[in-house]
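Worth saying up front: this structure is predicted, and the values here are computed from it rather than measured. Lettering of chains follows the sequences in order, A, B, ..., and the numbering in each one begins at 1.
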Amino acid sequence: MARGAVDPTLLTDLEARGLIHDTTSRSDLAARLQAGPITVYVGFDPTATSLHAGNLLPLLMLRRFQDAGHRPIALAGGATGMVGDPSGRSDERSLLDDATLAANLAGVVPQLRQFLDFERPDNPAKLLDNRAWTVGVSYLEFLRDVGKHVTVNQMAAKDSIRNRMESEHGISYTEFSYMLLQAHDFYWLFENEGCEMQMGGSDQWGNIVLGLDLIRRKAGGSGFALTVPLLTKPDGSKYGKTASGDTMWLSAAKMSPYRFFQAWMQTDDAEVRRLLLQLTLLPVGTCEAIAAAHLDAPHLRDGQRRLARELTSLVHSPAAAAGAEAASAVVFGGPVAGVAIETLRMLAAEVPTTVISRSVLAEENNLVPVLRHAGIVASNGEAQRLLAQHGISLNDEKVSAGAQVTRDDLLHERFCLVRKGKKQVAMLLFDQ
RNA sequence: GGGUCGGUGCCCGAGUGGCCAAAGGGAGCGGACUGUAAAUCCGCCGGCAUCGCCUACGUAGGUUCAAAUCCUACCCGGCCCA
């Protein structure tokens, strides 16, 4: 791409992906994006030590804009994180103390960095913390410089505020003020960074537009707002949680690449196409082709696999994605014989694994005690039952009552994969 | 405080002296089917050294050859009266 040139197809590409929920004047925006690079920002409040899957969509929006030649700013909400955004919330947030906030920022900032390119010569990304321009502002200054330009009527009319005002618990003055802080951020970035556009989830619309008002009144300028659809599952719940209700963290420490990969593998068929379009950087045509192939043979789960692979690569690394995919193949039906030792090691970290003394290999009737020791069964009775029902297999070989674990059952001299039924997998790790 | 009904296995719930480890349902588990989906069907579903023993029906005692079932006290819950 030539210096200063922008990809003219960005807006139509975003539309094709279903990434645009709402914008200020679409024609003005289209014209502005054609005219040249624009600076655009998204704010992320550090409410935890890691971002989660729900943050991917806006994060990737910044990436898409950067890839199209624009300048992205990731804003870490060191200040707003202290107050708490009432949008989309039915109850008051608990306030974070300084130490927690600092820890959260320390976790989130590197994640924000990882999605954007800070070295690109023409349009490097920027990472800013709104605390920098907020912490020194006195309350009186804020009331005079920001509060004066906004009417309470205007604020109370926003959905996010109105919903809470009508709820039985009400809304604190602190959270009520959140949108002023966010509006002020936008204004500050407009003045100091030439930032003309803010993006966010559709629940952010009110807050973003308030920022535009502030820019108009205080600076006589104009900017743009773009909101993305809030990702929701077919059952209406928000994205970012697994089927079992765990948050899908982007941090490997909080959710291993394997489990992250698995969570996407379990995507509903009906969601595959949309998620490929909205959450991957694959070209629209490629997404559509994968989705069409998936529709023809949904049982192969190729759509889910591709989605899981892309996202795990993006969030963790291509190597982590490949490892997770190999481990998944073993857990879900693939043959375990001949699997690389690295894959077995990865599995051992993901499935319940028990270290067993090598000496039991020489013992008679060792299977039941081993199963108990490994926590695969709760009692001898359960072990007998399962064996009688052919519910246990060692390295994919069904075993029956009276079977033994022997040297021949060891993979790479150490590992033995135990299956209980089809869904539960455990690893036996024999010491050296 | 008085009266009354009730507390049963993971949950709901039947059982009112022996045939009760305790009906039935749900959940769970295994098998068949299958797509790491849903539905369906079959089996299992307290523990153990498995034709027997142990533990268990709010808690602690008692009556009895024998109690989840009867008696006493206590604890907890519902409802009614105060």
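Residue contacts for A:D269: at a heavy-atom cut-off of 4.0 Å it reaches a base atom on one of the strands shown. Using a 4.0 Å heavy-atom cutoff across all strands shown, A:K420 reaches sugar-phosphate atoms only and no base atom.
Of all nucleotides present, only B:rC81 satisfies the Watson-Crick or G-U wobble test against B:rG1, with each distance under 3.5 Å. With both pairing distances under 3.5 Å, B:rG6 is matched to B:rC76 as a Watson-Crick or G-U wobble pair. If you check B:rA49 for Watson-Crick or wobble pairing at under 3.5 angstrom, you find it has no partner at all. Base pairing analysis places B:rC57 opposite nothing; no Watson-Crick or G-U wobble pair with both distances below 3.5 Å involves it. B:rC70 is paired with B:rG62 under the criterion used here, namely a Watson-Crick or G-U wobble arrangement in which both key atom distances are under 3.5 Å. Using Watson-Crick or G-U wobble geometry with both donor-acceptor distances under 3.5 Å, B:rG17 finds no partner in any strand shown. Under the Watson-Crick or G-U wobble criterion, with both distances below 3.5 Å, B:rC29 is paired with B:rG43.
A:F118 carries A:R113 over the face of its six-membered ring, with the cationic atom under 6.0 Å from the centre and within 45° of the normal.
If you take atom P in B:rC10 and the same atom in B:rC79, they sit 27 Å apart, rounded to whole Å. With P as the reference atom, B:rA66 and B:rC75 are 29 Å apart, rounded to whole Å. When the P atom is compared between B:rG52 and B:rA21, the two are found 11 Å apart, to the nearest whole Å. The separation of B:rG58 from B:rG6, taken at their C1' atoms, amounts to 11 Å, rounded to a whole angstrom. Between B:rC51 and B:rG7, the distance separating the two P atoms is 35 Å to the nearest Å. Separation of the P atoms belonging to B:rA14 and B:rU63 is 32 Å when rounded to the nearest angstrom. For the P atom pair drawn from B:rG24 and B:rC45, the interatomic distance equals 12 Å after rounding to whole Å. The separation of B:rA82 from B:rU8, taken at their C1' atoms, amounts to 33 Å, rounded to a whole angstrom.
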Taking distance alone, no hydrogens or angles, what donor-acceptor pairs closer than 3.5 Å link side-chain atoms of residues 327-343 of chain A to residues at least two apart or in another chain?
unit_1: A:S328; atom_1: OG; unit_2: A:Q262; atom_2: NE2; d: 2.7
unit_1: A:S328; atom_1: OG; unit_2: A:A324; atom_2: O; d: 2.7

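With A:N55 contributing its side chain and A:H52 its backbone, the two residues share a donor-acceptor pair below 3.5 Å. Looking at A:D22, its side chain never comes within 3.5 Å of a backbone N or O of A:T227 through a donor-acceptor pair.
Checking A:Q154 against A:D213 by side-chain atom types alone, a donor-acceptor pair falls below 3.5 Å.
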Check: Passes side-chain hydrogen bond (donor to acceptor under 3.5 Å, both in side chains), A:D97 versus A:T100? Steps please.
Finding: CA-CA 5 Å; A:D97 57 57; A:T100 308; 2.8 Å; yes
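Residues A:F332 and A:R372 both approach RNA chain B. Their nearest nucleotides, taken by heavy-atom distance, put A:F332 toward the 5′ side. Nearer to the 5' terminus of RNA chain B, by closest-nucleotide assignment, is the contact made by A:Q424 (compared with the other of A:R301 and A:Q424).
Sorted by first and then second residue, the salt bridge (Lys or Arg N to Asp or Glu O under 4.0 Å) pairs involving residues 403-416 of chain A (not counting sequence neighbours) are A:R407-A:E413.
Chain A approaches RNA chain B within less than 4.0 angstrom (heavy atoms of the protein), and the contacting nucleotides run 5' to 3' from B:rC29 to B:rU50.
Across every non-hydrogen atom of A:L314 and A:R63, the tightest pair is CD1-NH1, 4.4 Å.
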